[in-house]
Amino acid sequence: MTEILTAAQMRSIEQAAIESGEVTGLELMERAGRGVVEAVFEEWPSYRLSPRRAIVLCGPGNNGGDGYVVARLLRDLHWDVTVFSLGDPEKLPPDAKTNYRRWLALGDVQPLSERAFRAAGAGYADLYVDALFGTGMSRPVSGEAWSVLTHLAGRNGDDYAPYIVAIDAPSGLCLDSGRLLGTANGSYAHGHNRFAALTVTFDSPKQGQFLADGPGLCGKLAVKDIGLRKWRETGAGRAMRLPQTVLVTDRSVVPDRRHALSPLRVPVKSERNIHAGHTHKFSFGHGVIVSGGAGRTGAARLAARSALRVGAGLVSLAVPPDAAAEVAAQITAPMMRAVPDAGAMAEMLTDARLNAICIGPGLGLGPNHAALVETVLKTGRPTVLDADALSLVARDDQLRNLLHQNCVLTPHNGEFKRLFPEIEARLSTPSAQSFSKVDAVRAAAAEAGCTVLLKGRDTVIATPQGQCAIHAAVYERAAPWLATAGSGDVLAGLIAGLLAQGYAAFEAAATGAWLHVECARQFGPGLIAEDLPEQLPGVLRRVISGEAGRV
Ligand SMILES: NC(=O)C1=CN([C@@H]2O[C@H](COP(=O)(O)OP(=O)(O)OC[C@H]3O[C@@H](n4cnc5c(N)ncnc54)[C@H](O)[C@@H]3O)[C@@H](O)[C@H]2O)[C@@H](O)CC1
Ligand SMILES: Nc1ncnc2c1ncn2[C@@H]1O[C@H](COP(=O)(O)OP(=O)(O)O)[C@@H](O)[C@H]1O
Ligand SMILES: [K+]
């Protein structure tokens, strides 16, 4: 499991470590600087072979302190190093000042300005180290620092990005929200929303490196151990960090559930589980996917196929009579039941074996559809509410009051705004505050009283109790092809299929999000929604064999 930290959580761990007396801030800073140099040589192996030229930009805090360590270590390797400082280095905090002084024995420091930067022949360095601000950045960057950062980001047409390493964050990036503080469009200069080739962070990844604009600006992420594990995993530092946020990876949610996944679906084909007696389709649950009317059934059919492929034992489509012929002509494995109205839906759901429901994709927004949502919610069964079901809930307090802890809401940004307008307003207001998507989804789940999954490249999932996971299709897991019509319907079906197999709401949502992206990665460019469920056998095979994540 990978824990993701906020800036404050990282500070609390460092503080706990330093207060223990077992390690000093200076030692941590030295390890951080070494970690950066190590990561640089891993990223640019040829730089090991002969000394190069580096420009290091040092800020007024400990991030700057790391910069002075990097400058010294590169100088020790005979690099030509130019150092710029923001603010008066004599006012640096103690550990950073010590490293500034150590650097002074090797070279000088120039005050940072765009003019000085460009005059230094800055366009000819092999490496630019951004050590201006890290976890301590507290307000929008301005003045000379902003001029230099936007110049580096390409404001004047130069492309520095391939040579920039950022320490902890591209300076200005909020490590909680993933937004550049103070900019509306998340970029340093209009149209330039990339910055570093590599960002090196310490101990654990930070939220902002996965959310919003963070991944684009960070470029690539290297996490370096600086010996804080003991204080991260135990003690007061840990208590301060509850509830935790974790990153969904093949080594977190899915592998933890692999044992569960085995007894649930794959077991049918594995000896161990045949012996355990899991051999009947009803052992794997029976999902119900509620379809819209004629001409709108594609979404439910996609969801049904996904629920079956992910392992639900049976899947039934609940279909309005006018759409029955259309659906019947296009399905094979899922079953179909004509459901003319909410009464018929209630009747169908008297069968307790129907243990998970998906409602919303292609449903429609009429009063009859609201009645269907009401009927489904009143059963209290595990239910995915997506698309139109979310819009219906958003405008009807009675429906909203029926939401229960076995529900999973899967809004995209527009639906989230309809459901939680005040929370969304805080999230979308560009300001100096660090209100993040994690904060927003936690608040939404608490308000709704159920699991909420807010979709996007940076998908965030939270429970009313504050349990939270980020599933980011970024860095090596990027899957931009997933932004295709109908892919949300597949996600809803996947989650419903996992709920049918007994996954709890949060785990079904997190595992569904992971499988969804894994299917997209396996297929690659050219993907359309229909392709996604067909990738599941291959993806599941790799999950079960322990090779997941290696596409
Ligand atoms: N605390 C520790 O023990 C360790 C800290 N480390 C480094 O220290 C960093 C955190 O250090 P700090 O807490 O000193 O914070 P930073 O160095 O990130 O920034 C804080 C300083 O910048 C100023 N500042 C913040 N926003 C500004 C803005 N927009 N414009 C101008 N000035 C601004 C603050 O007033 C303060 O002087 C981490 O990112 C990491 O790089 C590492 O060395 C590991 C150990
Ligand atoms: N750039 C991206 N990278 C990875 N996943 C993405 C990206 N953009 C969108 N997605 C995912 O694609 C799906 C789109 O769902 P949705 O917005 O409901 O669309 P639709 O209604 O067309 O199915 C979501 O699961 C979302 O997380
Ligand atoms: K930085």
Side-chain angles (χ1 to χ4, degrees), residues 7 10-11 13-15 17-18 23-33 35-36 57-67 69 86-87 91-93 95-96 99 129-146 149 164-175 181-182 195-196 199-203 206 218 224 226-228 299 302-303 360-362 386-387 390 410-415 432 453-460 471-474 477-492 494 512-513 516-517 520-521 529 532:
M10 184 64 193
R11 279 196 294 275
I13 296 172
E14 285 167 348
Q15 203 179 330
I18 292 167
V23 65
T24 63
L26 205 56
E27 282 164 337
L28 291 176
M29 196 169 274
E30 191 70 19
R31 291 176 198 167
V36 173
L57 313 178
C58 295
N62 290 324
N63 196 250
D66 294 352
V69 175
L86 179 69
K91 295 189 181 148
L92 283 165
D95 298 333
N99 280 308
V129 183
D130 169 6
L132 289 175
F133 311 110
T135 52
M137 204 209 36
S138 52
R139 56 188 187 277
V141 182
S142 57
E144 288 298 338
W146 187 249
L149 287 167
I164 297 177
V165 58
I167 304 188
D168 246 356
S171 294
L173 180 74
C174 169
L175 281 171
L181 284 193
F195 183 75
T199 295
V200 187
T201 199
F202 311 113
D203 185 74
K206 313 298 175 308
C218 289
K224 288 291 172 184
I226 56 169
L228 291 172
L302 268 177
D386 187 40
L390 298 172
T410 55
H412 55 49
N413 287 337
E415 289 151 355
L453 177 153
L454 175 51
K455 291 189 272 207
R457 191 178 68 167
D458 54 351
T459 292
V460 175
H471 180 273
V474 298
R477 293 200 79 236
W481 324 282
L482 209 41
T484 180
S487 94
D489 308 324
V490 171
L491 178 67
L494 288 174
H516 193 225
V517 165
R521 277 170 29 84
L532 287 167

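Note that ligands are numbered from 1 as they come in the structure, with each ligand's atoms numbered from 1 the same way.
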> Counting only heavy atoms on the protein side, is anything nearer than 4.0 Å to atom 34 (C) of ligand 1?
Replying inline: no
> Just to confirm, does any protein heavy atom lie below 4.0 Å from atom 21 (O) of ligand 2?
Replying inline: no
> Charged N to carboxylate O below 4.0 Å: is that the case for Lys455 and Asp386?
Replying inline: yes
> Should one rank His412, Arg477, Arg457, Lys455 by closest heavy-atom distance to atom 1 (N) of ligand 2, which comes out on top?
Replying inline: Arg457
>> As a check for students: among Leu454, Leu482, Thr459, Val490, identify the option with a heavy atom nearest to atom 11 (C) of ligand 2.
In response: Leu482
> Can an N or O of Leu491 be found at a distance shorter than 3.5 Å from an N or O of ligand 2?
Replying inline: no
> Between the main-chain N or O of Ala529 and the side-chain N or O of Ser487, is there a donor-acceptor pair closer than 3.5 Å?
Replying inline: no
>> Using a distance threshold of 3.4 Å, state whether an N, O or S atom of Ile167 lies below it from the K ion (ligand 3).
In response: yes
>> Yes or no: does Pro93 have any heavy atom under 4.0 Å from an atom of ligand 1?
In response: no
>> Under 3.4 Å from the K ion (ligand 3), is there any N, O or S atom belonging to Ala169?
In response: yes
> N/O to N/O below 3.5 Å, does that happen between Gly488 and ligand 2?
Replying inline: yes
> Taking only heavy atoms of Asp168, which atoms of ligand 1 are found under 4.0 Å from at least one of them?
Replying inline: 38 (C), 39 (O), 40 (C), 41 (O)
> Rounded to the nearest 0.5 Å, what separation is found between the CH2 atom of Trp146 and the CG atom of Leu132?
Replying inline: 11.5 Å
>> So, of the N/O/S atoms that Asp130 has, which is the nearest one to the K ion (ligand 3)?
In response: O
> Is ligand 1 less than 4.0 angstrom away from at least one heavy atom of Ile18?
Replying inline: yes
>> With the threshold set at under 4.0 angstrom, would you say Pro140 reaches ligand 1 through any of its heavy atoms?
In response: yes
> Any N or O of Gly64 that comes nearer than 3.5 Å to an N or O of ligand 1?
Replying inline: no
